Trainee: 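Questions regarding the structure given below will be posed in turn.
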Amino acid sequence: MQLENIRWRVEDGVGIATFDRPKALNALNSRTFRDLGQLLDEAAQDRTVRALVLTGAGEKAFVAGADIAEMVGLQAIEARCFAEVGQHTLARLEAMPIPTIAAVNGFALGGGCEVAMACDLIYASDKARFGQPEVNLGLMPGFGGTQRLARRVGLMRAKEMIFTGESVDAAKAKEIGLVLEVLPADQLLGFAVDKARKIASRAPIAVDQAKRALEGGASVDLATGCALELQAFALLFATEDAREGMRSFLEKRPASFKNG
Ligand code: CAA
């Protein structure tokens, strides 16, 4: 993969993507979105990658937002295209067939908070800060922040954060449900990768179908959500891994999943 602003490696079934543009605190420019889109396409097709961890290079930032130096020269139509690329890429991240984990190691502001919220799980270091400070720039969130923040923390809290542009520290982010766990900075990535490894060791199609049922059910009524679950549950009985998983339990041995 020809990536400029994201480092990528795969270890034990876990893909680790590191936003790496230190001169701009890993801010998201067009090139970074191209990198992320390419990486997601390839990771989704690579059957050896069973979970994804996203983090930021350096000690200061996860991602400090959309690249303000790129945005400052945009006209309205160009800004719409820029935000469409951002929204499309984050929708792709959200829809990945494997679980995704944001390991937020520092500032996750604007587009950075939006990247984290497009992941399934968010863990943060005690140095992390989350916010949507776009109103300070005469702007508003454009990569899905108005929608995902409200869904994560509730409409009133999202309004407070977006109207004031105030950021919250990791402890507050956990308190309001934006973050699952807060770790000392030097333990964050290890913790996130361990969690991803555990997920990678489970039956991949079962994890994928569970993710689809959870995501699909989040925006529909209970009966429709349960119908989605029923379909997904039944489909798993067509997989070898379900046979193997149930047999291994009955035979009192560890399961060996083949992703099939
Ligand atoms: N875009 C471009 N460059 C950025 C950047 C961004 N979002 N954030 C930081 N940088 C650059 C700075 O310009 C600076 O570059 P120079 O060294 O060349 O001057 C470098 O990164 C280091 O930043 P600071 O000197 O500002 O570092 P700091 O420690 O004093 O402050 C910070 C850190 C609080 C994160 C501060 O950099 C900041 O407020 N950044 C902007 C955050 C922001 O507003 N994000 C939202 C962007 S808009 C958006 O994301 C819209 C959307 O949803 C579509």
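Computed from a predicted structure; not experimentally measured. What's counted below: heavy atoms across the whole structure, side chains too, no hydrogens, waters or symmetry copies. Just follow the structure's listing: the first ligand is 1, and inside any ligand the first atom is 1.
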Trainee: For atom 39 (O) of ligand 1, is there a protein heavy atom at a distance under 4.0 Å?
Mentor: no

Trainee: For ligand 1 and Leu137, I'd like to know whether there is a polar contact (N/O to N/O, distance under 3.5 Å).
Mentor: no

Trainee: Between Phe143, Phe82, Phe107, which one has a non-hydrogen atom sitting closest to atom 35 (C) of ligand 1?
Mentor: Phe107

Trainee: Have a look at ligand 1 and work out which part of Ala27, if any, has a heavy atom under 4.0 Å from it: side chain, backbone, both or neither.
Mentor: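 Just the side chain.
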
Trainee: For Ala57 and Arg7, which heavy atoms make the closest approach, and how far apart are they?
Mentor: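 Scanning both residues completely, I find the closest heavy atoms to be CB-NH2, 3.5 Å.
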
Trainee: What residue and atom, counting heavy atoms only, is the protein's closest point to atom 10 (N) of ligand 1, and at what distance?
Mentor: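 Heavy-atom neighbour on the protein nearest atom 10 (N) of ligand 1: Ala24 O, 3.8 Å.
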
Trainee: So, are Arg197 and Asp194 salt-bridged, with charged N and O less than 4.0 Å apart?
Mentor: yes

Trainee: Heavy-atom distance from atom 44 (O) of ligand 1 to the protein below 4.0 Å?
Mentor: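 At least one protein heavy atom is under 4.0 Å away.
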
Trainee: Are Met117 and Leu36 connected in a single hydrophobic cluster, I mean Ile/Leu/Val/Met/Phe/Trp/Tyr linked by side-chain heavy atoms less than 4.5 Å apart?
Mentor: yes

Trainee: Under 4.0 Å from atom 20 (C) of ligand 1, can you find at least one protein heavy atom?
Mentor: yes

Trainee: Would you mind listing which atoms of ligand 1 come within a distance below 4.0 Å of any non-hydrogen atom of Pro141?
Mentor: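 Here the atoms of ligand 1 in question are 53 (O).
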
Trainee: Give the numbers and elements of all ligand 1 atoms closer than 4.0 Å to a heavy atom of Met71.
Mentor: 48 (S)

Trainee: What atoms of ligand 1 come closer than 4.0 angstrom to any heavy atom of Glu114?
Mentor: 52 (C), 53 (O)

Trainee: Based purely on interatomic distance, does Ala64 place a nitrogen or oxygen under 3.5 Å from a nitrogen or oxygen of ligand 1?
Mentor: yes

Trainee: May I ask you to decide if Gln147's main-chain N or O and Arg151's side chain share a donor-acceptor pair within less than 3.5 Å?
Mentor: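 Checked: pair present.
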
Trainee: With a 4.0 Å cut-off on heavy atoms, does Lys60 reach ligand 1?
Mentor: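 Lys60 counts as a contact of ligand 1 under the 4.0 Å cut-off.
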
Trainee: Are any of the N/O atoms on Gly111, whether in the backbone or the side chain, positioned under 3.5 angstrom from an N/O atom of ligand 1?
Mentor: yes

Trainee: Examine the side chains of Thr32 and Asn29 and answer whether a donor and an acceptor come within less than 3.5 Å of each other.
Mentor: yes

Trainee: With distance as the sole test, does Ser248 use its side chain to make a donor-acceptor pair with the main-chain N or O of Pro254 at under 3.5 Å?
Mentor: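 Between the backbone of Pro254 and the side chain of Ser248 there is no qualifying donor-acceptor contact (under 3.5 Å).
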
Trainee: Tell me, please: is Asp67 in heavy-atom contact with ligand 1, that is, under 4.0 Å?
Mentor: yes

Trainee: Is a side-chain donor or acceptor of Arg21 paired with a backbone partner of Ala27 at a separation under 3.5 angstrom?
Mentor: yes

Trainee: Answer yes or no: does an N/O atom from Gly142 fall short of 3.5 Å to an N/O atom of ligand 1?
Mentor: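 Yes; at least one N/O pair falls below 3.5 Å.
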
Trainee: Indicate whether atom 12 (C) of ligand 1 is within a distance of less than 4.0 angstrom of some protein heavy atom.
Mentor: no

Trainee: Of the side chain and backbone of Lys23, name the one, both, or neither that has a heavy atom under 4.0 Å from an atom of ligand 1.
Mentor: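 The backbone, only.
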
Trainee: Is atom 15 (O) of ligand 1 less than 4.0 angstrom from some protein heavy atom?
Mentor: yes

Trainee: Would a distance-only check, ignoring hydrogens and angles, find a side-chain to backbone donor-acceptor pair under 3.5 Å from Asn105 to Ala61?
Mentor: yes

Trainee: Does Ile68 reach ligand 1 with a nitrogen or oxygen that is under 3.5 Å from one of the ligand's nitrogen or oxygen atoms?
Mentor: yes

Trainee: For the pair Glu244 and Arg247, find out whether any cationic side-chain nitrogen is under 4.0 Å from an anionic carboxylate oxygen.
Mentor: no

Trainee: Quick check on the hydrophobic clustering: are Met96 and Val207 connected, directly or via other members, by side-chain heavy-atom contacts under 4.5 Å?
Mentor: no

Trainee: How about Gln231: does its CD atom have over 12 heavy atoms from other parts shown lying under 6.0 Å from it?
Mentor: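 12 or below, so no.
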
Trainee: Has Glu240 got more than 12 heavy atoms of other residues, nucleotides or ligands less than 6.0 Å from its CD?
Mentor: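 Counting other residues, nucleotides and ligands, CD of Glu240 stays at 12 neighbours or fewer.
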
Trainee: Run down the list Gly145, Ser167, Ala79, Gly110 and name the one with the heavy atom closest to atom 46 (C) of ligand 1.
Mentor: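 Going through Gly145, Ser167, Ala79, Gly110 one by one, Gly110 has the nearest heavy atom to atom 46 (C) of ligand 1.
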
Trainee: Return yes when atom CE of Met1 has more than 12 non-hydrogen atoms of other residues, nucleotides or ligands closer than 6.0 Å, and no otherwise.
Mentor: yes

Trainee: Taking everything shown except Leu250 itself, do over 12 heavy atoms lie less than 6.0 Å from its CG?
Mentor: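 Yes - once you tally the heavy atoms of other residues, nucleotides and ligands closer than 6.0 Å, there are more than 12.
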
Trainee: Restricting to non-hydrogen atoms, name the atom on Leu28 and the atom on Val63 that form the minimum distance, rounded to 0.1 Å.
Mentor: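 Minimum heavy-atom contact is CG-CG1, 3.6 Å.
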
Trainee: Could you check whether atom 28 (P) of ligand 1 has a protein contact, counting only heavy atoms that fall below 4.0 angstrom?
Mentor: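 Under the 4.0 Å cut-off, atom 28 (P) of ligand 1 does have protein heavy-atom neighbours.
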
Trainee: Starting from atom 37 (O) of ligand 1, find the nearest protein heavy-atom neighbour and note its residue, name and distance.
Mentor: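 For atom 37 (O) of ligand 1, the nearest protein heavy atom comes out as Leu25 CD1, 3.7 Å.
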
Trainee: At the 4.0 Å heavy-atom cut-off, does Ala83 count as touching ligand 1?
Mentor: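 Ala83: no contact with ligand 1 (<4.0 Å).
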
Trainee: Counting only heavy atoms not in Glu84, do more than 12 sit closer than 6.0 Å to its CD atom?
Mentor: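 Enclosed.
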
Trainee: Can you find a non-hydrogen atom of Arg129 under 4.0 Å from ligand 1?
Mentor: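 Checking ligand 1 against Arg129, which is what was asked, there is no heavy-atom contact under 4.0 Å.
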
Trainee: Return yes when at least one protein heavy atom is under 4.0 Å from atom 23 (O) of ligand 1, and no when none is.
Mentor: yes

Trainee: Which of the numbered atoms in ligand 1 are under 4.0 angstrom from any heavy atom belonging to Leu109?
Mentor: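 Listed by number with element, the hits are 35 (C), 42 (C).
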
Trainee: Atom 1 (N) of ligand 1: protein heavy atom closer than 4.0 Å?
Mentor: yes

